> 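Got a structure for you, written out below as structure tokens; questions coming shortly.
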Amino acid sequence: MTITITNIKRVGSDKTESVTIEHGVIKGWNLPEEGQVLDGQGGTVAPALIEPHAHLREPGQTEKEDLASGLAAAAAGGYGTVVSMPNTSPVVDDPAIVRALIEKASGLGFARLKPAAALTRGQQGETLAELGYLKGAGAAMFTDDGRTNENARTLRLGLETAGSLGMIVSVHAEDASLRADGVMNEGPVSEALGLPGNPAAAEAARVARDIEIVAELHAQGRAARLHIQHLSTARALDLVRGAKARGLPVTCEVCPHHLTLTDEALRSFDAIYKVAPPLRTQADADQLLVGLKDGSVDCLATDHAPHTRAEKERDLLDAPSGIAYIELAFPLMYTRFGDALGLEKLVDLFTAAPARVMGWPAPSLDAGAVADLVVLDLATERPVNPAEFKSKAKFTPWAGETLKGWPLLTVVDGKVAYQRS
Ligand code: DOR
């Protein structure tokens, strides 16, 4: 199948061009039109976005999301590839589940799925899962995300084993005993509201511990690679900076929700804002942005975490944690921080940067590259309308907000995975 996309501009260029795609790869630029011709409407073309952290809830939690809804939502958000988290029911700790997920997703025609597998059996944190077999089945990385790795010795063995397989371990870095039953950031706002707080130290202490484990393995010449998920505090970011300065193989991601929302939102008592790690202070959010600019934050990730409306309508103490917004992550970041970061840097944080973290080849729009691309409408402002979401979670903190930078067209493996109607 051949597709020509006309009337598009590459990032950083004012030239109107066209790209031709054939057999799943980019055939070339500005060739004579052939095959299906799609009007890019003057949009900006970039490699399709890469999501290193999303909860698609399959198997077993399909009332919240499933592969079809989650990967369609991702494609609508401009993503070509999604790394799904293994905290499902059952947990993705068995090679047969990894294989089944990849197989099912490949027939859907939306974003490509790269499932993460659990680091430990049942994500219980005690006994390593069969990492070699999981890698062989196609697991993209190992993580017990959703749970914290309380047993440091098991984590060390996991880092060592995964490292010997050339795989990364990514961690939900919170100390469970310090976090305790905190439902929001601990500070003046939690005190004013009388809600149990989750202190910044829960994250910073865990990040410090994990960095020291990597430092030791590194000193022993082991290939361990640690990725810290959804980093939320300035203090933990300083620790990551320090680790990088020591030359340690430590990377981290931040989430748009930690950049754009703070613990002040919890004054609403609305569990839509309950997330783990929690929304922090404006000072933390400001420092995360500094980290994005100076390179101490490696990439962006949404941690798209859908739950049912009924679950999120419970009170703050009982509602599950998680914010779902994979469909609007790029427009949110472009609208809020496009000027501060610049388009080129922002696109990098959503594309090449997560690829670097995952150890994948750099995405490319050159002839011969896999045809994964997105056409972004950087001009038209549109309100966020959750009723239109492809995700099953048809609610979001940004409902009604006017954003620009919406995807017009997402192509994955040379096929149209999303086209705005
Ligand atoms: O808020 C969160 N929700 N954080 C996590 O780490 C897990 C996720 C979920 O699975 O809902």
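Note that the structure is predicted; figures quoted are calculated from it, not measured. As the structure lists them, so they are numbered: ligands from 1, and atoms in each ligand from 1.
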> Return the option from R57, K64, H55 holding the heavy atom at the smallest distance from atom 11 (O) of ligand 1.
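Nearest heavy atom to atom 11 (O) of ligand 1 lies in R57.
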> Report the residue from Q61, K312, K64 that forms a side-chain hydrogen bond (donor to acceptor under 3.5 Å, both in side chains) with H307.
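The side-chain hydrogen bond (donor to acceptor under 3.5 Å, both in side chains) with H307 is passed solely by K64 among Q61, K312, K64.
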> H172 versus ligand 1: do any nitrogen or oxygen atoms come within less than 3.5 Å of each other?
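Indeed, backbone or side chain, H172 has an N or O that close.
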> Identify the closest protein heavy atom to atom 5 (C) of ligand 1: which residue and atom is it, and at what distance?
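Answer for atom 5 (C) of ligand 1: A276 O, 3.7 Å.
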> If the plane angle is over 60° it's perpendicular, under 30° parallel, otherwise tilted; pick one for H230 and H53.
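It falls in the tilted class, 30° to 60°.
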> Determine whether more than 12 heavy atoms belonging to other residues, nucleotides or ligands lie under 6.0 Å from atom CD of E381.
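Buried by this count: over 12 neighbours within 6.0 Å.
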> Test of understanding: given a 4.0 Å heavy-atom threshold, classify the contact between M85 and ligand 1 as side chain, backbone, both, or neither.
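Under 4.0 Å from ligand 1, M85 contributes no heavy atoms.
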> Starting from atom 3 (N) of ligand 1, what is the nearest protein heavy atom, named by residue and atom, and what distance separates them?
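Its nearest protein heavy-atom neighbour is S321 O, 3.0 Å.
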> Distance alone, cut at 3.5 Å: any donor-acceptor contact between the side chains of S69 and E65?
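A donor-acceptor contact under 3.5 Å links the two side chains.
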> Quick test of your reading: applying salt bridge (charged side-chain N to carboxylate O under 4.0 Å, His left out), list the pairs with at least one residue in residues 248-265, sequence neighbours left out, ordered by first then second residue.
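Applying salt bridge (charged side-chain N to carboxylate O under 4.0 Å, His left out) to every pair that reaches into residues 248-265, excluding sequence neighbours, yields E264-R267.
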> So is G322 polar-close to ligand 1, meaning N/O to N/O under 3.5 Å?
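N/O-N/O distance under 3.5 Å: yes.
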> I'd like to know if H230 contacts ligand 1, where contact means a heavy-atom distance under 4.0 Å to any ligand atom.
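Judged by the 4.0 Å heavy-atom criterion, H230 does count as contacting ligand 1.
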